[in-house]
There are 2 protein chains.
Amino acid sequence: MTEKRKLTLLDIANELNISVSTVSRALKSHPDIAEETIRMVKEFAEKHNYVPNALAVNFRKNKTYNIGLIVPELVHHFFSTVISGAIDCAKKSGYNVLVSQSNDKLEDEVVACKTMLASSVDGLLISISNETVEGEHIKAFIDEGKPVIQFDKISDLLDTPKVIVDDFEGAYKAVSHLIDQGYKKIAHIRGRLEVKNANERAKGYKKALEDRGLEFDPDWVKVCTLINEQEGYDFAKDLLNSKNPPDAIFCITDLVALGVLKYLKEISVQIPKEMGVFGFSNWKLAEIVNPGLSSVDQHGYQMGETAAKLLITFLENKNEFINDTLELKTDLVIRGSSLRFENHANQ
Amino acid sequence: MTEKRKLTLLDIANELNISVSTVSRALKSHPDIAEETIRMVKEFAEKHNYVPNALAVNFRKNKTYNIGLIVPELVHHFFSTVISGAIDCAKKSGYNVLVSQSNDKLEDEVVACKTMLASSVDGLLISISNETVEGEHIKAFIDEGKPVIQFDKISDLLDTPKVIVDDFEGAYKAVSHLIDQGYKKIAHIRGRLEVKNANERAKGYKKALEDRGLEFDPDWVKVCTLINEQEGYDFAKDLLNSKNPPDAIFCITDLVALGVLKYLKEISVQIPKEMGVFGFSNWKLAEIVNPGLSSVDQHGYQMGETAAKLLITFLENKNEFINDTLELKTDLVIRGSSLRFENHANQ
DNA sequence: AACGATTGTGCAATCCTTTGCAGGCACACT
DNA sequence: AGTGTGCCTGCAAAGGATTGCACAATCGTT
């Protein structure tokens, strides 16, 4: 690890007997500089492998070309897809992405924000934790003139552009599909009442039932708090053993649906014949289980790309910037767990 | 987004009628500064919410407190676990992590390295792509005096510390377990011949057979190139339909094992009774499939932590630094797919 | 011949913090 | 009173790139 002293503009200037400013301008082909000089400087720089000192440039320009990205959980198929999209998009514009996670804890989120703010990112992409309400730590970015974009899990209390999935529409489509497949008594295992995405999905679920004139039983709506497999399992048990058992279950997320599937298999209920199951998020697991789990694809990659592009557009001061909420459309991925009318149960 | 001009040391100095240097020192409780002055400065700074200009500090100190992290694939359970560990560890020491992915392509890796080098990370954690051989782009970091740590997928041509999993031992333990379970004809679906991890696992496999005096048939070793589910499926078919079919298959990774399981189910071979299956990496899917897939846990989180800690130790100039290869031990996670002697097939 | 326009280059300030060194001041001791 | 010793504070340079402005040189025009 021999630390070569890096070549600076001054070195080049001395070597070529011209001034630092001329070198600087020559390297960016400034029109004031003579062709000949430009050629000479560039050749020299090339030959000696000159790389501008990024730290100095950043300092001067008051820009880092880094953007922050905070998600509740990194080890999570959906979020890693989003990150992937954001990174790929940022890379195209020469930005790097600083990634951090909040573990869905406010405290961790605050720390992550502080470190990022201190280390001077140019802007922030964030999907807030379940515990985040006021978001003073996020406002701190805005106060410093650093743009923030919220995505997926958002708070309306923060006045920033947002990129979200049209949860309502996704749920509506999923439930409509179940109805199309002949299911008549559709339950919903939903997420927490305070979480916006969960509410939107619940609304979509209800609207679909209404629009098609189907029965709605409040007992068919179960509220998850942890949103894990076990809850799916437990609620499936509840539902199946109730007075008015449903014939299909629409779940807030695939993990919950997995628990449902597990219980149904245990008591040998046939899927999709006797009971339909629909998930949300289209995790990897949805294609692995047997029968395949129908799910709503949220296009995480696209969400990451969109959010990053929005942020970068702002940073580059293109005035096309829109302080608005972008809703990405979802797509249904139909697999065996909900496909009663065609013979694809093993897809 | 009103860009408040940020408070500088000069502002404070003017306000308090002392010099910039005194303010600077007072803020870090330098022993040269009088208690009274320190109190006054800190109070003022606190009240007016002074935050040092990170860009200026970085420039001055020639340090960014950012470290780069490049993986072949971000949307991948193992790697996201590693990233998670690295980020959590870095956060503790006040470092941020810049994440990028190579998509297992040399070209992308080179670009990622360049952007990171340009944006001045203090050091790099990298798991190289399958295509990387020489690694000039990685040497560029070392040439600039920036430490590099390789992890998981490494190249011995690059003289850097490395954090890897003891693949040999993991494979050895897995195969030994299969032997303990009474399997006698154990096949191995392995990874590419040029990839070190794959070779180590293959060695461990072979050594376990030798040590227990079991038959070894070269036809039982199949070489994956893409390392996906389909290959697992296809090779399982090959193996099962060969002259000398095995009674257990040890797979290079869980995804391949999944394909194997799929084929076995299709032809109604009973797992684990008639055939044992063992994976590697302990992905989420291993616990989801039925029967559960036995696998080798690589402790990705720990690997990320270890690599990050190593790098940061170096950066902080603690001379405890060791330019060496750290091998993390693996653990077997035994599930239904290999458990013939106990009645846990549904675990 | 003198002046203006044009082209090419350099000077010097700026961004903000850190830090080696110098110096002022007060007190104590000879 | 003079010298020495600490203690506290300030000066100024450094770090590398950028950029407004000034200036020098060249050429063309009247």
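In this structure a side-chain-to-backbone donor-acceptor pair under 3.5 Å is present from A:Ser127 to A:Phe151.
Distance, B:Ile12 CD1 to D:dG10 P: 14 Å, rounded to whole Å. As a whole-Å value, the separation of A:Leu10 CG from D:dA17 P is 9 Å. Rounded to whole angstrom, the span from the CG atom of B:Asp32 across to the P atom of C:dG24 amounts to 17 Å. Taking atom CD on B:Glu36 and atom C1' on D:dC7, their separation rounds to 15 Å, with Å as the unit. For B:Leu27 and D:dT9, the CG to P distance is 13 Å, given to the nearest whole Å. Atom pair B:Met40:CE and D:dT9:C1' shows a separation of 11 Å (rounding to whole Å applied). Distance CZ (B:Arg25) to P (D:dC8): 13 Å, rounded to an integer number of Å. Note: CG (A:Asn62) to C1' (D:dA17) measures 14 Å, nearest angstrom.
Contact check, A:Thr37 against C:dT9: a side-chain N or O comes under 4.0 Å of OP1 or OP2. Under 4.0 angstrom from either OP1 or OP2 of D:dT18 there lies at least one side-chain N or O belonging to A:Ser24. Phosphate proximity of D:dT18 to A:Lys28: present, with a side-chain N or O under 4.0 Å from OP1 or OP2. In this model, the phosphate group of D:dG10 is approached by a side-chain N or O of B:Thr22 to a distance below 4.0 Å at OP1 or OP2.
For the atom pair CD of A:Glu136 and CG of A:Asp143, the computed distance is 8.0 Å after rounding to the nearest 0.5 Å. With values rounded to the nearest 0.5 angstrom, A:Cys113 atom SG is found 4.5 Å from A:Ile126 atom CD1. Atom NZ in A:Lys309 sits 7.5 Å away from atom NZ in A:Lys92 (nearest 0.5 Å). Interatomic distance, CG of B:Asn58 versus OG1 of A:Thr64, reported as 9.5 Å (0.5 Å rounding).
Comment: A:Arg39 engages A:Glu43 in a salt bridge, judged by a side-chain N to carboxylate O separation of less than 4.0 angstrom.
Residue-to-nucleotide contacts include no donor-acceptor pair under 3.5 Å from the side chain of B:Thr8 to the base of C:dC15.
Near DNA chain C, meaning a heavy atom under 4.0 Å from it, residues 48-61 of chain A has A:Phe59, A:Arg60 in order of number.
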Practice problem: Any chance you could lay out the salt bridge (Lys or Arg N to Asp or Glu O under 4.0 Å) test for B:Arg25 and B:Asp32, step after step, and finish with the verdict? | Solution: CA-CA 8 Å; B:Arg25 282 191 261 252; B:Asp32 277 1; 5.6 Å; no
